[in-house]
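I have placed the structure first, in the form of C-alpha cells, so that the comments after it can refer back to it.
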Amino acid sequence: MGVIETLKNKVIVSCQAMPNEPLYREECMIAMMKSVLNGGAGGLRVAGARDVMNAKKITNVPVIGLTKPDEIPANWKEIVYITPSLKHVGFLIKAGADVIAFDGTSRKHENCTLDEIIKLISINKRISMADISTVEEGINCEKLGVDMVSTTLAGYTQFSPLKDDGPDFELLEELVKNVKIPVVLEGRIWEPEQIDRAFEIGAHCVVIGSAITRPQLITKRFVQRKGK
C-alpha cells in the first residue's frame, strides 16, 4: 500500500514547537511523537530535518516533513515561510520525509518556482503536499502535478480572511468538488465532531496540531474562555 492510501481516513498529528518554546528540546519532541503514536495517530507532521529523522526512527507511519524559520516574521501573511526553497526541500528529502509539505500559494518562493519545488519532490519519489488557502490555489497545484492539497493556510494569507475560530469546511468542500487529488483538512480543529464532518465532506485525512500538541494554546483557550 502506498503512502497516500495509508493516510486515507487517518488522523495525522502535527508535532511542532518553535525554538523558543520549552517543548522544542529534542527529547521533548521525541516524547511527544511517541505519545501521539500511542494514542493512534496515523501519521506525523513535523518541522525540520532533526524531527523528521527522529520520527522515522520511532515509527513506520507516514511522516510529513516541512521547514519553518526559527521565528515567524511579522509579515507572515504576505510571505512564503513553509518549505520556501529547493534547498529546504533537499533537507527534508535527505532526512527521509515520506511526504513533503510546502507553501502552495501564488506568493513568491525563494529563488525558485512552485513548479520547480513540485518537480524536485517528484523526481525524488516523495509525495508532495501543497498547503493552500484558496480553491484557486488548490486547482493550480493540481495542474502542476501535486499529489495532495491541504487547507493548512486557510485564513492565514492575504487571500483568505479568517472567518471564525473553526476549520474552513467551506474551502474543504470546494476543493473536494473541484480537484481529483486527495484533500487534507488542517487548521483550527478542536473537537472530535469536526473530524467526522471533515470525512463526511470528503477529506482524505485530517491533520490536528494545536488541540493536541500545543499546551500553551490549549491552556489559553481555557483561561481566556468566553463568558468568564
Side-chain angles (χ1 to χ4, degrees), residues 3-17 23 32-33 35-47 61-64 66 68 76-77 82 99 101 103-105 127 129-139 141 146-157 159-228:
V3 171
I4 294 177
E5 292 76 19
T6 300
L7 290 173
K8 187 170 178 59
N9 296 326
K10 293 294 196 308
V11 172
I12 300 161
V13 179
S14 178
C15 295
Q16 298 181 40
L23 289 178
M32 183 188 295
M33 288 187 275
S35 295
V36 301
L37 289 167
N38 287 341
L44 298 174
R45 178 171 163 122
V46 300
V61 304
V63 175
I64 302 169
L66 63 137
K68 282 183 178 179
W76 54 270
K77 274 199 170 187
I82 297 176
V99 181
D103 187 306
T105 69
I127 301 299
M129 176 183 284
D131 293 342
I132 53 88
S133 66
T134 69
V135 66
E136 291 80 13
E137 292 164 356
I139 292 170
C141 285
V146 159
D147 297 305
M148 309 174 77
V149 291
S150 176
T151 63
T152 311
L153 292 172
Y156 301 117
T157 71
F159 312 116
S160 61
L162 185 61
K163 299 172 184 176
D164 54 47
D165 63 355
D168 196 330
F169 290 117
E170 182 179 341
L171 176 58
L172 172 64
E173 190 167 1
E174 290 179 357
L175 286 166
V176 169
K177 289 179 180 178
N178 286 281
V179 302
K180 295 180 180 178
I181 56 177
V183 180
V184 182
L185 180 70
E186 179 176 4
R188 302 182 299 279
I189 300 169
W190 289 96
E191 304 294 340
E193 294 77 12
Q194 293 170 330
I195 299 174
D196 293 333
R197 184 176 175 189
F199 287 134
E200 288 170 2
I201 291 172
H204 185 80
C205 55
V206 173
V207 176
I208 304 175
S210 298
I212 297 175
T213 59
R214 303 300 296 277
Q216 71 273 28
L217 298 182
I218 300 168
T219 304
K220 187 176 180 180
R221 283 176 65 88
F222 282 99
V223 173
Q224 298 182 359
R225 63 199 179 280
K226 294 178 181 179
K228 64 178 180 178

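All values reported here derive from a predicted model rather than from experimental measurement.
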Closest non-hydrogen atoms of Cys15 and Leu44, given as atom of the first, atom of the second and distance, are SG-CD2, 4.2 Å
Go through Ile212 and Met32 one step at a time and tell me if the side-chain contact (heavy atoms from CB on, under 4.5 Å) criterion holds.
-> CA-CA 10 Å; Ile212 297 175; Met32 183 188 295; over 6 Å; no
Where is the tightest heavy-atom contact between Val149 and Cys141, given as atom of each residue plus distance?
-> CG1-CB, 4.2 Å
Separation between CG of Leu162 and CG of Asp164, rounded to the nearest 0.5 Å = 7.0 Å
All side chain to side chain donor-acceptor pair (under 3.5 Å) counterparts of Lys77, not counting sequence neighbours = none
Could I get the full list of side-chain contact (heavy atoms from CB on, under 4.5 Å) partners for Thr6, not counting sequence neighbours?
-> Met1, Pro62
Identify all side-chain donor-acceptor contacts of residues 193-211 below 3.5 Å with residues at least two apart in sequence or on another chain.
unit_1 : atom_1 : unit_2 : atom_2 : d
Gln194 : OE1    : Trp190 : N      : 2.7
Gln194 : OE1    : Glu191 : N      : 3.0
His204 : NE2    : Ile4   : O      : 2.7

Atom pair CG (Asp168) and CD1 (Ile189), whose distance is rounded to the nearest 0.5 Å = 11.0 Å
Listed pairs under 3.5 Å, donor-acceptor, residues 171-187 side chains, sequence neighbours left out:
unit_1 : atom_1 : unit_2 : atom_2 : d
Asn178 : ND2    : Glu174 : O      : 2.7
Glu186 : OE1    : Arg45  : NH1    : 3.4
Glu186 : OE1    : Thr152 : OG1    : 2.8

Does Arg225 use its side chain to pair, donor to acceptor, with the backbone of Phe222 at less than 3.5 Å?
-> yes
Flag side-chain contact, heavy atom, 4.5 Å: Val63 against Val99 = no
Step-by-step side-chain contact (heavy atoms from CB on, under 4.5 Å) determination, Met129 to Val146 | CA-CA 7 Å; Met129 176 183 284; Val146 159; over 6 Å; no
Starting at OH of Tyr156, measure out to OG1 of Thr151 and round the result to the nearest 0.5 Å.
-> 9.5 Å
With Ser133, which residues qualify under side-chain contact (heavy atoms from CB on, under 4.5 Å), at least two apart?
-> Thr105, Glu137, Leu153, Thr157, Phe159, Ser160
Using the side-chain contact (heavy atoms from CB on, under 4.5 Å) rule, take Leu37 and Val61 through it: C-alpha gap first, then chi angles, then the decisive distance, then the call.
-> CA-CA 9 Å; Leu37 289 167; Val61 304; 3.7 Å; yes
Go through the structure and list residues passing salt bridge (charged side-chain N to carboxylate O under 4.0 Å, His left out) with Arg214, not counting sequence neighbours.
-> Glu21
Partners passing side chain to side chain donor-acceptor pair (under 3.5 Å) against Lys163 (at least two apart in sequence or in another chain) | Glu170
For Gly155, does its backbone N or O pair with a side-chain atom of Arg188 as donor and acceptor, under 3.5 Å?
-> no
